[in-house]
Student: 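Below is a structure I'd like to ask you about.
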Amino acid sequence: MKDTRQSPNSGPSPMKNPGPSPMKNPAPGPSPMKSPAPAPAPAPDPDPGPSPSPTRTAGHPISGHPTAEHRTPSGLRTSPAIEVRPVQAPPPAGDRRRRRLADQGRAYAFLLGGLICFALFSWYPAIRAVVIAFQKYTPGAEPEWVGTANFTRVVQDPEFAAAWRNTLTFTLLALLIGFAIPFVLALVLNELRHARAFFRIVVYLPVMIPPVVSALLWKWFYDPGAGLANEALRFLHLPTSNWSNGADTALVSLVIVATWATMGGTVLIYLAALQSIPGELYEAAELDGASLLQRVRHVTIPQTRFVILMLMLLQIIATMQVFTEPFVITGGGPENATVTVLYLIYKYAFLYNDFGGACALSVMLLLLLGLFSAGYLRLTRTDGEAA
């Protein structure tokens, strides 16, 4: 019996090499076992509320510019980074003072042109007139100081009383005629719904005509022979009038001319004031059963009180200095019926060559208007303005 066993060195073993192992080594790359999925990011708060304001770092101001939000790879929000800037020291007091002076210097530079015009054509003539009022002044000669002699001579002039009487009468008639008509026209224009712009132009047109042209136009209207005013009266079979040629009607004729020539601007100012009144006030008055006159009395006039009072003051000052109409239309006549204070000043200066008397009368008019304006403003100011 043959021995089938072989020695260890007798050759290959009857059991073959099994070859590579059924479990292969993993290839380089991702592992066949997947890592667990990351947890879902928490949903953002629907109402996070106002973010807390960052606190100030000691010695550093907080920048006012917002910074972008930061998120982690998992989607969580982190606090925004705070940008800080170093503190800048305030400019020295000397620099601030120089900057303020430079700003004021530029402002006065812009005002310089207007100040020069006022100084040359308003302030200097007024101061010079006050000085000449106490002097005997003749152009080309040395002025002589005479004290109050010019004032005494002017007051003793027979035309002095007539000039002041005519001026005050003209002012009173201008208030009665020329103050109410513009206000009524403004009320009518304010109620119009059609052709409002056309009627505004028509009302303002006389203001655009030069005053001397207006006076010459009305002088032809008032002509007793072929004037348009008397021709219209004849057409209506009414008695004619002397108008500016009669001592009794001359001053009233001049008031009509002055009112026609200057009421356009006043009407537009009143119209602007009326349009600024809230419509709710009129609606409330209508609901309370107020009539038209009651609405004007209790709504319109109180709401336009400041404009009415200011325009009244300006009209009184302007009518006290009326000159163009007497000078062009009547020449102060007939029988000194239209001689005004300003026209008398003109006669002293350019007809009598008495500049001292003209300046003395000018100073009287200046003092009267100044005192009247101060008293008027004091009496008409409201309780709030007084406080």
Student: Can you tell me if Thr167 uses its side chain to pair, donor with acceptor, with the backbone of Val341 under 3.5 Å?
Tutor: yes

Student: Quick check: does any side chain N or O of Asn166 sit under 3.5 Å from a backbone N or O of Val339, one acting as donor and the other as acceptor?
Tutor: yes

Student: Is the closest side-chain heavy-atom distance between Trp164 and Leu368 below 4.5 Å?
Tutor: yes

Student: In the single-linkage hydrophobic clustering (I, L, V, M, F, W, Y; side-chain heavy atoms under 4.5 Å), do Phe121 and Tyr124 co-cluster?
Tutor: no

Student: Would Asp354 and Lys347 count as a salt bridge (charged side-chain N to carboxylate O under 4.0 Å, His left out) if you check the C-alpha gap in whole Å, the side-chain angles of each, and the deciding distance to 0.1 Å?
Tutor: CA-CA 9 Å; Asp354 185 2; Lys347 292 177 68 175; over 6 Å; no

Student: Are the side chains of Tyr348 and Asn353 in touch, meaning some heavy atoms are under 4.5 Å apart?
Tutor: no

Student: Under a 3.5 Å distance rule, please check whether Tyr137 uses its side chain to pair with a backbone N or O of Trp145 as donor and acceptor.
Tutor: no

Student: Taking all non-hydrogen atoms of both residues into account, name the closest pair between Gly357 and Arg153 and its distance.
Tutor: N-NH2, 3.7 Å

Student: Would a single hydrophobic cluster contain both Leu228 and Ile329, if residues Ile, Leu, Val, Met, Phe, Trp and Tyr are joined by side-chain heavy-atom contacts under 4.5 Å?
Tutor: yes

Student: Nearest 0.5 Å, what's the CG-CZ distance between Leu292 and Arg297?
Tutor: 14.0 Å

Student: Could you tell me whether the side chain of Arg295 reaches within less than 4.5 Å of the side chain of Thr300, counting heavy atoms only?
Tutor: no

Student: Are Val252 and Trp220 connected into the same hydrophobic cluster when the rule is that any two of I, L, V, M, F, W, Y join if their side-chain heavy atoms are below 4.5 Å apart?
Tutor: yes

Student: Checking Thr249 side chain against Asn245 main chain: does a donor-acceptor pair fall under 3.5 Å?
Tutor: no

Student: Under a 3.5 Å distance rule, please check whether Asp157 uses its side chain to pair with a backbone N or O of Glu159 as donor and acceptor.
Tutor: yes

Student: Of all heavy-atom pairs between Leu233 and Pro239, which one has the smallest distance, and what is that distance?
Tutor: CD1-O, 3.4 Å

Student: Hey, is the main chain of Leu192 close enough, under 3.5 Å, to the side chain of Arg196 for a donor-acceptor pair?
Tutor: yes

Student: Are the side chain of Gln321 and the backbone N or O of Leu342 linked by a donor-acceptor pair below 3.5 Å?
Tutor: no

Student: If we only count heavy atoms from C-beta on, is the Val267 to Tyr204 side-chain gap below 4.5 Å?
Tutor: no

Student: Pair Ile256, Phe221 - check side chain to side chain contact (heavy atoms under 4.5 Å, CB included), show working.
Tutor: CA-CA 12 Å; Ile256 295 175; Phe221 284 169; over 6 Å; no

Student: Once you round to the nearest 0.5 Å, how far does CE of Met364 lie from CG of Asn150?
Tutor: 9.0 Å

Student: Thr138 vs Phe355, test: side chain to side chain contact (heavy atoms under 4.5 Å, CB included). Steps then yes/no.
Tutor: CA-CA 7 Å; Thr138 303; Phe355 290 93; over 6 Å; no

Student: Any non-hydrogen side-chain atom of Ile316 less than 4.5 Å from a side-chain atom of Leu175?
Tutor: yes

Student: Nearest heavy-atom pair of Ala129 and Val363: which atoms, and what distance?
Tutor: O-CG2, 4.3 Å

Student: Run the side chain to side chain contact (heavy atoms under 4.5 Å, CB included) check on Val207 and Thr262 step by step: do they pass?
Tutor: CA-CA 6 Å; Val207 181; Thr262 59; 5.9 Å; no

Student: Is the closest side-chain heavy-atom distance between Val203 and Phe198 below 4.5 Å?
Tutor: no

Student: Can Tyr343 and Thr338 be counted as having a side-chain donor-acceptor contact under 3.5 angstrom?
Tutor: no

Student: Closest heavy-atom contact between Ile317 and Ser373?
Tutor: CD1-OG, 3.6 Å

Student: Any chance the side chains of Trp243 and Asp223 put a donor and an acceptor closer than 3.5 Å?
Tutor: no

Student: Between Ile116 and Leu112, does a side chain to side chain contact (heavy atoms under 4.5 Å, CB included) hold up when you go through it step by step?
Tutor: CA-CA 6 Å; Ile116 292 176; Leu112 185 60; 3.9 Å; yes

Student: Enter the distance from Ser291:OG to His298:NE2 here, rounded to the nearest 0.5 Å.
Tutor: 8.0 Å

Student: How long is the straight-line distance from CG of Leu268 back to CG of Leu189, given to the nearest 0.5 Å?
Tutor: 8.5 Å

Student: Do other residues, nucleotides or ligands put more than 12 heavy atoms under 6.0 Å from the CD atom of Gln104?
Tutor: yes

Student: If you take all heavy atoms of Ala247 and Ala337, which pair is closest and at what distance?
Tutor: O-CB, 3.8 Å

Student: Do side-chain atoms of Ser244 reach the backbone of Ser253 as a donor and acceptor pair under 3.5 angstrom?
Tutor: no

Student: Mind listing the closest non-hydrogen atom pair of Ser214 and Pro206 along with its distance?
Tutor: OG-O, 4.3 Å

Student: What distance do Ile345 atom CD1 and Leu361 atom CG have between them, rounded to the nearest 0.5 Å?
Tutor: 4.0 Å

Student: For the residue pair Trp218 and Tyr222, does the interplanar ring angle fall in the parallel (under 30°), tilted (30 to 60°) or perpendicular (over 60°) class?
Tutor: tilted

Student: CZ of Phe151 to SG of Cys359: how many Å apart, nearest 0.5 Å?
Tutor: 9.0 Å

Student: Mind checking whether Phe134 and Val146 have side chains closer than 4.5 Å, heavy atoms only?
Tutor: no

Student: Should the ring pair Phe323 and Phe327 be called parallel, tilted or perpendicular, given that the plane angle runs from 0 to 90° and is split at 30 and 60?
Tutor: parallel

Student: Report whether Leu367 and Val154 are members of the same hydrophobic cluster (ILVMFWY, side-chain heavy atoms less than 4.5 Å apart, transitive linking).
Tutor: yes

Student: Do you know which of Val184, Leu311, Thr304 makes side-chain contact (heavy atoms from CB on, under 4.5 Å) with Tyr270?
Tutor: Leu311

Student: Check step by step if salt bridge (charged side-chain N to carboxylate O under 4.0 Å, His left out) holds for Asp103 and Arg106.
Tutor: CA-CA 5 Å; Asp103 294 340; Arg106 283 191 293 268; 2.3 Å; yes

Student: Would you check if Met320 and Leu168 make a side-chain contact, meaning some heavy-atom pair closer than 4.5 Å?
Tutor: yes

Student: Under 3.5 Å, is there a donor-acceptor pair between the side chain of Arg193 and the main chain of Glu191?
Tutor: yes

Student: Treating Ile, Leu, Val, Met, Phe, Trp and Tyr as nodes and any side-chain heavy-atom pair under 4.5 angstrom as an edge, say whether Leu377 and Met312 lie in one connected cluster.
Tutor: yes

Student: Is the backbone of Pro224 close enough, under 3.5 Å, to the side chain of Asn230 for a donor and an acceptor to pair up by distance?
Tutor: yes

